[in-house]
Amino acid sequence: MTSPFIDNSDVPLVLIGGTLCNARLWQPLIAQLNVPAVICLTLSRDASAEAASRRLLHLLPPRFLLAGFSLGAIVALQIAADVPERLAGLALLSVNPLADRPENAVTRRAAVRTAREQGHGEWLSATLWHQYVAPSSLSNRQLHDLLCLMAQESDPDTFARQTEMAISRRDNREALGHLACPVLILNGEFDPICTPAHHRLLADSIPHATWTTLGSSGHFFILEAADKAAVPVRKWIKESLNANE
């Protein structure tokens, strides 16, 4: 299948967002990266990371830089396991690399039903806002409203599919030990969802990876502290492109 993405770079930066996210997630970070070609992807059509990987790999260029956030990082891990040779660089942001616990499925599916009834924005504000950012950011109304807006812009069927993707995700760490491309692991200090311990497990699986924890930041550090996040991301992009010259 011919890729529908047209850009001026042989190695574009591909960004995959997380649950109840869209391209708004990446805009503050993109503004600080100065890269010529960026592809922002929203996970809306697939109910498993494996299906998402298969579909996206038919659409994406032969070689690309790949960064995934949260659920998007789960898909990025699947892509890295499926076609490591196509990656010029891999960045994993706010990620839990472990398979989901079976007992979580009932709670996750109940959340989808409740969010459908209440509206995604109101549901996120009531249930997830305090887990998404560092304590120092809880009074940031602009950030709160942006996260709720992205959630509200996600339709219920998309949230249901994203939830099934989280439930069915695999632990792909074993496939990552032989990755040759530069790898960045980035997380927030205050993240109860994808904890520093989760990122340690991932870093231990990729010996040459660069792991950075951003202080005073939470799960959504991309929006919460875009200026801080941009520093290691720019370094990773430069290293990855230099390695591919």
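Worth knowing before you read on, the calculation uses all heavy atoms, side chains too, and leaves out hydrogens, waters and symmetry mates.
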*If you look at every heavy atom in L179 and H208, which pair is closest and at what distance?*
O-CE1, 2.7 Å
_Atom of C40, atom of A23 and distance for their closest heavy-atom approach_ = CB-CB, 4.1 Å
_Nearest atoms (heavy-atom pairs only) where C21 meets M150_ = CA-SD, 4.0 Å
*Answer yes or no: are there more than 12 heavy-atom neighbours, outside R63 itself, under 6.0 Å from its atom CZ?*
yes
*asked:* In the structure I gave you, are the side-chain heavy atoms of K228 and F221 within less than 4.5 Å of one another anywhere?
replied: no
*Are side-chain heavy atoms of R161 and E164 found at a separation under 4.5 Å?*
no
_Residue pair Q32, D227: steps toward the side chain to side chain donor-acceptor pair (under 3.5 Å) verdict_ = CA-CA 7 Å; Q32 300 189 54; D227 54 341; 5.4 Å; no
*Checking H120 side chain against L20 main chain: does a donor-acceptor pair fall under 3.5 Å?*
no
_Heavy-atom side-chain contact between I193 and S70 under 4.5 Å_ = no
*Are V133 and N140 close enough, and set up right, to give a side-chain contact (heavy atoms from CB on, under 4.5 Å), and what steps lead you there?*
CA-CA 9 Å; V133 299; N140 187 332; over 6 Å; no
*Looking at A88 and C181, what are the two nearest heavy atoms and their distance?*
O-CB, 3.6 Å
*asked:* Show the nearest heavy-atom pair for residues P12 and P61, with the distance to one decimal.
replied: CG-CG, 3.5 Å
*Out of curiosity, L143 CG to W129 CH2, how far, rounded to the nearest 0.5 Å?*
4.0 Å
*Can D155 and T158 be counted as having a side-chain donor-acceptor contact under 3.5 angstrom?*
yes
*Return the orientation label for the F69 and H219 ring planes: parallel under 30°, perpendicular over 60°, tilted otherwise.*
tilted
*Within a strict 4.5 Å, meaning less than it, do heavy atoms of the I167 and N104 side chains meet?*
no
*Answer yes or no: does atom CG of N34 have more than 12 heavy-atom neighbours from other residues, nucleotides or ligands under 6.0 Å?*
no
*Path from L41 to V83 over hydrophobic side-chain contacts below 4.5 Å*: yes
*Could you tell me the separation between the CZ atom of R234 and the CG atom of L33, rounded to the nearest 0.5 Å?*
7.0 Å
*Can you find a pair of side-chain heavy atoms, one from S216 and one from E224, that are under 4.5 Å apart?*
no
*Test ring-ring contact (aromatic ring centres under 6.0 Å, His included) applied to H198 - qualifying residues, sequence neighbours left out*: none
_I'd like to check the ring-ring contact (aromatic ring centres under 6.0 Å, His included) partners of W236; sequence neighbours left out, ordered by chain and number._
none
*Do I30 and V231 belong to the same hydrophobic cluster, where Ile, Leu, Val, Met, Phe, Trp and Tyr are linked whenever their side-chain heavy atoms lie under 4.5 Å apart, directly or via other members?*
no
*Any side-chain heavy-atom pair of I222 and P28 under 4.5 Å*: no
*asked:* Would you compute the distance between atom OG1 of T42 and atom CD of E153 and round it to the nearest 0.5 angstrom?
replied: 10.0 Å
*Gap separating the CG atom of L201 from the CZ atom of R173, nearest 0.5 angstrom*: 5.0 Å
*Spacing of CG belonging to L71 relative to CE belonging to M165, to within rounding of 0.5 Å*: 5.5 Å
*Are V95 and I206 in one and the same hydrophobic cluster, where Ile, Leu, Val, Met, Phe, Trp and Tyr link if side-chain heavy atoms are under 4.5 Å apart?*
yes
*asked:* Can a donor-acceptor pair be found, under 3.5 Å and without considering hydrogens, that links the side chain of S217 to the backbone of G215?
replied: yes
*asked:* Would N96 and R169 count as a side-chain contact (heavy atoms from CB on, under 4.5 Å) here? Give the steps.
replied: CA-CA 10 Å; N96 177 349; R169 69 179 189 258; 3.4 Å; yes
*So does Q142 have more than 12 non-hydrogen atoms from other groups sitting under 6.0 Å from CD?*
no
*Any chance you could lay out the salt bridge (charged side-chain N to carboxylate O under 4.0 Å, His left out) test for R45 and D157, step after step, and finish with the verdict?*
CA-CA 9 Å; R45 295 179 57 184; D157 290 340; over 6 Å; no
*Are the side chains of L87 and F64 in touch, meaning some heavy atoms are under 4.5 Å apart?*
yes
*Apply side-chain contact (heavy atoms from CB on, under 4.5 Å) to D145 and L149, showing your working.*
CA-CA 6 Å; D145 291 349; L149 175 62; over 6 Å; no
*So do the side chains of R108 and D100 get within less than 4.5 Å of each other, counting heavy atoms only?*
yes
_Pair I16, L56 - check side-chain contact (heavy atoms from CB on, under 4.5 Å), show working._
CA-CA 10 Å; I16 307 179; L56 294 175; 4.3 Å; yes
_Over 12 foreign heavy atoms within 6.0 Å of CD, E174_ = no
*Roughly how far, to the nearest 0.5 Å, is the CG atom of L60 from the CZ atom of R86?*
6.5 Å
*Quick one: which of L128, L147, L146 gives a side chain to side chain contact (heavy atoms under 4.5 Å, CB included) with F220?*
L147
_L98-L176 co-clustered via ILVMFWY side chain contacts under 4.5 Å_ = no
*Whether F159 and W123 hold their rings parallel, tilted or perpendicular, with breakpoints at 30° and 60°*: tilted
*Would you find a donor on one side and an acceptor on the other, under 3.5 Å apart, between the side chain of D191 and the backbone of C194?*
yes
*Measure across S240 and L65 and return the closest heavy-atom pair with its distance rounded to 0.1 Å.*
CB-CD2, 3.2 Å
